[in-house]
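To start, the structure under review is shown below, and the notes come after it.
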There are 2 protein chains.
Amino acid sequence: MTTADTVWPESIGAELDRTGPVPLYFQVSTRLEHEIRAGNIAPGARLENEIAIAERLGLSRPTIRRAIQELVDKGLLVRRRGVGTQVVQGQVTRQVELTSLYEDLDNAQQGPATRVLEHEVRPADPASATALGVTEGSDILYLRRQRLTGTTPIAILENYLPADLADLDRDELEQRGLYQLLRARGIAIRIAKQKIGARRAEGDEHALLGTERGGPVLTMERIAFDNTGRAIEFGHHCYRPDMYTFETTVVAR
Amino acid sequence: MTTADTVWPESIGAELDRTGPVPLYFQVSTRLEHEIRAGNIAPGARLENEIAIAERLGLSRPTIRRAIQELVDKGLLVRRRGVGTQVVQGQVTRQVELTSLYEDLDNAQQGPATRVLEHEVRPADPASATALGVTEGSDILYLRRQRLTGTTPIAILENYLPADLADLDRDELEQRGLYQLLRARGIAIRIAKQKIGARRAEGDEHALLGTERGGPVLTMERIAFDNTGRAIEFGHHCYRPDMYTFETTVVAR
DNA sequence: TAGTGGTCTAGACCACATG
DNA sequence: ATGTGGTCTAGACCACTAT
């Protein structure tokens with residue numbers, strides 16, 4: 001039964017692929033997300049109840065629940081026991097995903113560019129050694145890059161990587177983002193721990209960013225781990241605050 | 001069967017409460033998180049497989065999976081198909097939760113204090129009206145507060161709230177965090193959308209923060225929604241960058 | 001009282017990683 | 001070949017909300 005004021009686009013149930021590798025819950029959540037972002041389901045609208053959706057699609061309730069949960073976690077839907085599931089009021093914004101700045105810019109189609117300023121294998125200083133979980137003084141790869149969008153500098157990126165990843169060369173790094181290159185080597189970043197802060201520009205940073213000497217910069221420090229829990233990359237970066245902000249959606253548990 | 005090199009603290013299965021309101025998956029995940037944070041399960045250690053754990057605890061596999069998933073989402077565990085579930089290498093840090101700065105400081109036992117600088121009902125300017133989803137010029141509550149830890153200023157907080165929440169008074173706001181007061185009124189924040197950035201200190205900010213004129217400040221802008229998706233609070237805040245950073249753990253899906 | 005989401009069970013089959 | 005997590009089913013009972 002569908003009560004009068006609930007919503008469910010028929011197209012979501014059309015031609016679900018049960019043979020391919022894409023999970024059913026993911027097919028459903030992807031299509032539902034698309035309908036919401038396209039505005040085909042209005043903010044505040046109530047979805048049909050889970051059991052009705054499950055029957056309509058010929059799926060089980062846990063599968064539907066999982067699809068809905070994906071969008072709850074993204075901040076697109078809100079569930080209330082005894083009431084139902086609703087589309088969130090308020091503008092939908094992009095999530096901070098586990099991607100690199102390069103990919104952010106690439107997706108925004110602003111034509112990212114990279115200049116490799118430094119690229120050398122050097123002994124690990126105490127901070128980098130601790131972050132990467134290697135012994136102090138052992139070889140690590142140090143990178144310093146300037147990131148631009150078009151001709152406007154946006155960030156200065158400093159990274160430290162374990163020595164066995166030192167085969168990344170300058171040309172590759174000017175053409176691709178670091179995470180893209182790592183993925184191409186079969187290394188997937190699974191978890192990252194980040195600290196975001198601010199400070200004055202130091203040294204040559206104001207020159208590289210095209211800002212005033214001693215002006216503010218937005219900073220991020222990150223340690224990234226692969227799916228074995230091994231530290232893959234330690235970085236501290238600074239961004240032009242008039243060109244870049246971090247956006248997040250936080251959902252209460 | 002337990003293979004030789006897997007781990008499972010017996011205490012986790014002891015005295016699970018099937019009658020109370022606390023879900024079984026939550027009881028399990030809480031205890032497991034405690035064992036990991038206490039160091040009783042070493043980083044890199046592999047847990048028993050899910051079916052074995054389920055049998056050992058007399059629970060179903062989906063319940064165990066959900067408990068484990070909670071900690072995967074927190075960045076404490078990593079799962080690999082065909083391999084198993086492992087404790088992440090690398091230090092465990094605190095999560096950015098959906099709490100207010102007051103509670104962060106309170107938990108850190110640094111003795112938070114608040115000075116209410118401004119507290120008045122005024123017509124909504126365009127930016128606040130858009131953020132809160134009210135019509136421009138309608139009444140909203142404007143707050144400006146200075147937050148300190150001990151006697152050191154940490155942040156300047158500016159908030160805009162719908163007029164029906166204007167019964168928050170000065171004294172309350174000096175004693176409690178804003179989110180605590182809202183919760184006490186039965187309003188739970190469910191989703192927040194945040195932007196983090198940096199800029200120079202403006203106006204009287206350097207004086208209120210005890211920093212240099214024109215020095216850098218860390219900024220956060222936030223719109224918070226309750227469980228109906230209604231906008232409850234719009235704020236833009238600035239923080240002393242030497243006293244405060246934002247920490248996040250990001251987990252790939 | 002009726003309807004909703006929240007939790008839980010006891011299985012099943014599959015894809016993937018490892019030896 | 002074996003063991004692991006990933007997905008899915010078809011139910012069940014409960015707590016909460018609204019009328």
Side-chain angles (χ1 to χ4, degrees), chain A residues 1-8 16-30 45-73 77-87 186 188 190 226-228 252-253, chain B residues 1-8 16-30 45-55 57-73 77-86 186 188 190 226-228 252-253:
Chain A
M1 286 289 287
T2 305
T3 54
D5 56 348
T6 62
V7 168
W8 185 259
L16 290 170
D17 178 12
R18 300 186 89 102
T19 66
V22 182
L24 290 168
Y25 76 85
F26 190 80
Q27 295 180 47
V28 174
S29 72
T30 302
R46 246 183 63 224
L47 300 189
E48 276 190 71
N49 74 66
E50 298 172 343
I51 296 174
I53 295 174
E55 282 175 5
R56 188 188 284 268
L57 268 55
L59 299 174
S60 67
R61 186 183 165 204
T63 302
I64 296 302
R65 269 187 72 76
R66 176 143 186 199
I68 291 175
Q69 189 60 47
E70 294 275 315
L71 302 191
V72 170
D73 291 341
L77 294 176
V78 173
R79 287 205 263 226
R80 282 187 290 163
R81 168 153 42 177
V83 179
T85 304
Q86 284 177 294
V87 178
R190 187 67 70 88
D226 69 6
N227 53 15
T228 73
R253 319 178 141 276
Chain B
M1 288 291 288
T2 305
T3 54
D5 55 347
T6 60
V7 167
W8 186 258
L16 290 170
D17 177 12
R18 300 187 90 101
T19 66
V22 182
L24 291 168
Y25 77 84
F26 190 81
Q27 296 181 46
V28 173
S29 72
T30 302
R46 246 182 65 223
L47 300 189
E48 276 191 71
N49 73 68
E50 298 172 344
I51 296 174
I53 295 173
E55 281 176 4
L57 267 56
L59 300 174
S60 68
R61 188 184 164 201
T63 302
I64 296 302
R65 270 188 71 77
R66 174 141 188 202
I68 290 176
Q69 189 61 45
E70 294 275 314
L71 302 191
V72 171
D73 291 341
L77 294 176
V78 173
R79 287 206 264 225
R80 282 186 290 164
R81 170 150 43 175
V83 177
T85 304
Q86 285 177 293
R190 187 67 70 86
D226 70 5
N227 54 15
T228 73
R253 319 180 140 273

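Below, all heavy atoms of this structure are taken into account, side chains as well, without hydrogens, waters or symmetry copies. Chain letters run A, B, ... following the sequence lines, proteins first and then strands; every chain starts at 1.
Residue B:T85 has a polar side-chain atom (N or O) positioned under 4.0 Å from OP1 or OP2 of D:dG5. For D:dG11, neither phosphate oxygen OP1 nor OP2 lies less than 4.0 angstrom from any side-chain nitrogen or oxygen of A:R61. Between A:T63 and D:dT9 there is a side-chain N or O to OP1 or OP2 distance below 4.0 Å. Within the 4.0 Å cut-off from OP1 or OP2 of D:dC8, not a single side-chain nitrogen or oxygen of A:R66 is found. Taking 4.0 angstrom as the limit, B:R79 places a side-chain polar atom (N or O) nearer than this to OP1 or OP2 of D:dG6. An OP1 or OP2 oxygen of D:dC8 is reached within less than 4.0 angstrom by no side-chain nitrogen or oxygen of A:Y25. Dashed line: the shortest gap from a side-chain N or O of B:N49 to OP1 or OP2 of D:dG3 is not under 4.0 Å.
Spacing between atom CG of B:N227 and atom P of C:dG6 amounts to 11 Å, rounded to whole angstrom units. The CZ atom of A:R18 sits 14 Å away from the C1' atom of C:dC14 (whole-angstrom rounding). Distance B:R46 CZ to D:dG5 C1': 12 Å, rounded to the nearest Å. Rounded to whole angstrom, the span from the CD atom of B:Q69 across to the P atom of D:dT7 amounts to 9 Å. In this structure, B:R65 places its CZ atom 7 Å from P of D:dT7, rounding to the nearest Å. The distance between atom CG of B:L24 and atom P of D:dC13, rounded to the nearest whole Å, is 17 Å.
Across all strands, B:P62 comes closer than 4.0 Å to base atoms (heavy-atom distances). Within the nucleic acid shown, A:I51 has no heavy atom closer than 4.0 Å to any nucleic acid atom.
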In the 5'-to-3' direction, what one-character label does each nucleotide of nucleotides 14-19 of chain D receive under the scheme B = base within less than 4.0 Å of a protein heavy atom, S = sugar-phosphate only, - = no such atom? -BBB--
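Atom OH of B:Y25 sits about 15.0 Å away from atom CZ of B:R65, to the nearest 0.5 Å.
For the side-chain contact (heavy atoms from CB on, under 4.5 Å) with A:N49, the lone residue among A:I51, A:L47, A:I53 that qualifies is A:I51.
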